[in-house]
> 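Supplied in structure tokens, the structure appears directly below.
Letters go in sequence order (proteins before strands), and every chain restarts at 1. On a predicted model such as this, the values are computed, not experimentally measured, just so you know.
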Number of protein chains: 2
Amino acid sequence: MERETAARLFESLASGARLDVFRLLVKQEPNGMNAGDIAASLGLPASTLSFHLKALTHAGLVTATPNSRFIRYRANVTVMFDLIGYLTDDCCGGQPGLCVDATATPCTTEDTLPSCKACA
Amino acid sequence: MERETAARLFESLASGARLDVFRLLVKQEPNGMNAGDIAASLGLPASTLSFHLKALTHAGLVTATPNSRFIRYRANVTVMFDLIGYLTDDCCGGQPGLCVDATATPCTTEDTLPSCKACA
DNA sequence: CTATCATTTCCATACTTCTGGAATCATAAA
DNA sequence: TTTATGATTCCAGAAGTATGGAAATGATAG
């Protein structure tokens with residue numbers, strides 16, 4: 001991943017409103033939501049939400065697919081995982097056993113999560 | 001994690017310079033680096049680097065420990081993993097099998113990575 | 001005490017982002 | 001065609017962020 005791409009992705013998450021939008025869409029995967037439903041769900045004015053949705057889609061964290069008069073927004077979880085991988089890449093210089101022991105459960109199987117690639 | 005905390009953390013990563021600094025420190029874990037060495041390594045003016053280090057430490061992603069005339073900076077990987085967990089929390093509404101199948105290797109053991117907690 | 005060095009703070013300038021009402025666009029139903 | 005509705009764009013003011021040279025701070029060595 002390019003550095004400027006990652007910076008743009010993080011910037012698109014650097015506001016409370018956009019975090020709310022993105023996390024809501026992550027929860028709604030893989031169905032997504034219409035802009036109006038997002039606005040109603042979060043209590044945001046339409047123009048404000050549109051501003052933030054544009055930032056998220058332009059960064060690539062969210063996809064927009066028009067459907068008649070509606071536009072369905074979805075979180076792009078692949079990009080999200082790529083971004084996490086970029087952040088944690090070569091963590092601890094690739095030496096195992098140095099990293100934090102954070103407990104968690106992977107998403108689908110035991111080994112499908114991108115993080116700290118070099119620490120294995 | 002509080003929403004505003006997460007937004008501040010993402011904002012602290014929303015610039016190419018700060019991404020370079022943080023990723024460099026992630027690689028250097030658990031040793032850290034002095035400000036001067038970071039500046040030399042990345043080719044940044046001292047005042048500019050200080051500005052960005054302040055943003056990272058204020059957000060909590062980086063810790064600073066004075067040591068004689070030097071100040072040693074370290075990446076706070078625990079906060080980083082908490083942030084990843086916040087982003088991926090309740091992914092896909094907690095339903096397994098809906099998420100992307102991203103290939104990766106965990107950091108220390110097979111189950112130490114925080115991500116998509118609800119999808120297990 | 002003085003010199004030196006690592007780092008931060010100060011400062012002004014330039015630039016970018018955030019917000020939400022009003023206007024606009026686009027699609028679909030009557 | 002007219003009307004209603006979902007969604008975006010436009011706009012301007014307010015607020016925040018980035019940059020880097022110069023000055024200040026603070027600690028160590030001689």
Side-chain angles (χ1 to χ4, degrees), chain A residues 2-25 28 31-75, chain B residues 2-25 28 31-75:
Chain A
E2 297 286 328
R3 186 185 80 148
E4 301 312 323
T5 304
R8 191 151 28 87
L9 288 169
F10 282 122
E11 171 150 18
S12 77
L13 293 170
S15 94
R18 287 198 292 273
L19 266 181
D20 285 346
V21 171
F22 184 72
R23 300 210 316 145
L24 178 61
L25 291 177
Q28 297 299 321
N31 298 317
M33 286 177 83
N34 298 333
D37 292 339
I38 298 171
S41 179
L42 299 178
L44 290 174
S47 65
T48 297
L49 176 67
S50 187
F51 172 82
H52 291 303
L53 281 174
K54 186 176 180 179
L56 285 166
T57 53
H58 186 251
L61 267 176
V62 161
T63 60
T65 53
N67 180 268
S68 85
R69 273 190 301 191
F70 302 81
I71 299 184
R72 178 152 298 253
Y73 286 93
R74 285 188 56 193
Chain B
E2 296 287 328
R3 187 185 78 147
E4 301 312 323
T5 304
R8 190 151 28 86
L9 288 169
F10 282 122
E11 172 148 19
S12 77
L13 293 170
S15 96
R18 286 197 294 272
L19 266 181
D20 286 346
V21 171
F22 183 72
R23 299 213 314 148
L24 177 62
L25 291 177
Q28 298 300 321
N31 297 318
M33 286 177 84
N34 298 333
D37 293 338
I38 298 171
S41 179
L42 299 177
L44 289 174
S47 65
T48 298
L49 176 67
S50 187
F51 172 81
H52 291 303
L53 281 174
K54 187 176 179 181
L56 285 165
T57 52
H58 187 250
L61 267 175
V62 161
T63 59
T65 52
N67 180 269
S68 86
R69 274 192 297 192
F70 303 81
I71 298 184
R72 179 150 298 251
Y73 286 93
R74 284 187 57 191

> To the nearest Å, give me how far apart CZ (A:Arg18) and P (C:dT17) are.
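Taking atom P of C:dT17 as the reference, CZ of A:Arg18 is at 9 Å.
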
> Give the rounded distance in Å between these two atoms: NZ of B:Lys54 and C1' of D:dG16.
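From B:Lys54 NZ to D:dG16 C1': 14 Å.
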
> Output the rounded distance in Å from CZ (A:Phe70) to P (D:dT5).
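Checked: the CZ to P distance equals 11 Å.
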
> As a test of reading the structure: which of C:dG20, C:dT9, D:dA7 is closest to the side chain of A:Pro45, going by heavy atoms?
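Looking only at side-chain atoms, A:Pro45 lies closest to C:dG20.
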
> Rounded to whole angstrom units, what separation is found between the OH atom of A:Tyr73 and the P atom of D:dG6?
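So the two atoms are 15 Å apart, to the nearest Å.
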
> Would you mind telling me which residue lines up with the more 5' stretch of DNA chain D, A:Leu49 or A:Arg69, judged by nearest nucleotide?
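It is A:Arg69, whose closest nucleotide lies nearer the 5' terminus.
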
> Take the protein atom CD of B:Glu11 and the nucleotide atom P of D:dT17, then report the distance between them rounded to whole Å.
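Computing the B:Glu11:CD to D:dT17:P distance gives 5 Å.
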
> Heavy atoms under 4.0 Å, any strand shown: does A:Ala35 hit a base, just sugar-phosphate, or nothing?
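Sugar-phosphate only.
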
> For a quick check of understanding: with a heavy-atom distance under 4.0 Å over all strands, which category does A:Thr48 fall into, base, sugar-phosphate or nothing?
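Touches a base.
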
> Looking only at side-chain atoms of A:Ser47, point me to the closest of C:dT7, D:dT8, C:dG20.
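Nearest to the side chain of A:Ser47 among the choices is C:dG20.
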
> Rounded to whole Å, how long is the line connecting atom CG of B:Leu44 with atom C1' of D:dG21?
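In whole Å, D:dG21 C1' lies 15 Å from B:Leu44 CG.
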
> Of the candidate nucleotides C:dT19, D:dT17, C:dT7, which contains the atom at the shortest distance from the side chain of A:Phe51?
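Shortest atom-to-atom distance from the side chain points to C:dT19.
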
> So how far is it from A:Leu42 CG to A:Met33 CE, rounded to the nearest 0.5 Å?
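Between atom CG of A:Leu42 and atom CE of A:Met33 there are 7.5 Å.
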
